[in-house]
Protein chains: 2
Amino acid sequence: MSRMNRRGSKSSADATAKIRAIGQRATPGRVRVLSLLGTVPRGLTHQDIETALARSGEGPMDRVTLYRVLDSLVSAGLVLRQADESRVFRFSAAGQAEAHAAHAHFRCDGCGRVFCLEAPPPAAPALPDGFRLSRMSLDLRGACRDCAAKRRAG
Amino acid sequence: MSRMNRRGSKSSADATAKIRAIGQRATPGRVRVLSLLGTVPRGLTHQDIETALARSGEGPMDRVTLYRVLDSLVSAGLVLRQADESRVFRFSAAGQAEAHAAHAHFRCDGCGRVFCLEAPPPAAPALPDGFRLSRMSLDLRGACRDCAAKRRAG
DNA sequence: CAACAAAATGCAACAGAGTTGCATATGCAA
DNA sequence: TTGCATATGCAACTCTGTTGCATTTTGTTG
């Protein structure tokens, strides 16, 4: 760890590289957000991220700037955005979702976490003539154990 | 048709019965909304419903009242509510959504159109204990006929 | 290394979807 | 028909996300 200076950790360097790779400027905001999302295995809300950044050593980030940072990462394909059950957006690092594209996953509508399932790959259905298939995914949605319990409780 | 009086159609009577069956008052608003949702094969937004009701012979319904009518139908289980991609709620009569979820979708990465496929859905894989499944979708992605041809051409 | 243009940031004001409080009206059971 | 729990209508509010614009920063060029 002695080689890590105040500019950041390995995940920062990693994030910087990814952002540059897709031709965008590696600003502090983008690097901070992308490396944060890379360390967390589930979708975070804008507010989650804002809070986490404010607590971190480098201080808070403007609300609007954070929205715009997220927009740019999403449109670059580095981050995924989806609306959860209570209609707030959840953001997650794209690599984490795509790495698991081979098998089925379960997404909790409550907390946004994604669970991988050991499912047999379903056979691809017949496509209309001329169509070309590039990817196929079996997506299950519902409530994970924690959220299902929470909802029953009240 | 001569047996239908000015109070409404078969779907109204049907809706009235369903609402009474679960122990709620069959108010005009509830009946109108539930029978509207019963005639439409997809999720409608609050605004869709508001507009449709305003155009219908019986005149508009208050915005807030409509929200509350939808709430009561949802909590009674007669209507399903889910946030769409742009984080607005879509409401559908319970039963229709399940029918629609029962097949696979193909989304074209070129033009963004979505095609419904007549494919038998694969069996749901086993979920970890305590998890609750609400929806399952088999999503295929690739190029539709038009976009595949276009890509070959130029 | 300095200057520069394009892009990102911060702030304030705005927009749309959904919710709450409260006075009034109404469905339905006795 | 009456009583009252429940539903309605209105206004004001909250929360998530957006837009406009002046200022600062990034990465490049000379």
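Naming: A, B, ... by sequence-line order, numbering from 1 per chain.
- A cation-pi arrangement is present between B:R81 and B:F89 under the rule of less than 6.0 angstrom and at most 45 degrees off the ring axis.
- Base engagement by A:V64 is indicated by at least one non-hydrogen atom pair under 4.0 Å involving a base atom.
- Residue B:R20 places no side-chain N or O under 4.0 Å from the OP1 or OP2 atom of C:dG27.
- Rounded to a whole Å, the CG atom of B:D84 is 14 Å from the C1' atom of D:dG17.
- Rounding to whole angstrom units, OH of residue A:Y67 and P of C:dA12 are separated by 17 Å.
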Mind running side-chain hydrogen bond (donor to acceptor under 3.5 Å, both in side chains) on B:R30 and B:S72 for me, showing each step along the way? CA-CA 9 Å; B:R30 285 180 187 159; B:S72 71; 3.1 Å; yes
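- Rounding to the nearest 0.5 Å gives a distance of 9.5 Å between CG of A:L44 and CG of A:L70.
- The CD-P distance, from A:Q24 to C:dA7, rounds to 11 Å in whole Å.
- We find that CZ of B:R25 is positioned 10 Å from P of D:dA5, with the value rounded to whole Å.
- Rounded to an integer number of Å, the gap from B:F89 CZ to D:dT16 C1' is 12 Å.
- Projected onto DNA chain C by closest heavy-atom contact, B:R68 and B:V88 fall at different nucleotides, the more 5' of which corresponds to B:V88.
- One finds a side-chain N or O of B:Q47 lying less than 4.0 angstrom from the OP1 or OP2 phosphate oxygen of C:dA17.
- In this structure the side chain of A:D48 never reaches within 4.5 angstrom of the side chain of A:V40, judged on heavy atoms.
- Applying the 4.0 Å criterion to OP1 and OP2 of D:dA7, one finds that B:R30 has a side-chain N or O inside that range.
- A straight line from CZ of A:R63 to C1' of C:dA15 spans 12 Å, rounded to a whole angstrom.
- Following rounding to the nearest Å, B:D62 (CG) and C:dG18 (C1') show an atom-to-atom distance of 13 Å.
- For the residue pair A:S92/A:R42, the side-chain donor-acceptor check at 3.5 Å is not satisfied.
- Atom-to-atom, CG of B:D71 to P of D:dT6 comes out at 16 Å; the value is rounded to the nearest Å.
- The shortest distance between the side-chain N/O atoms of A:T27 and the OP1/OP2 oxygens of D:dT25 is not below 4.0 Å.
- Under 3.5 Å, the side chain of B:R87 and the base of D:dT16 form at least one donor-acceptor pair of N or O atoms.
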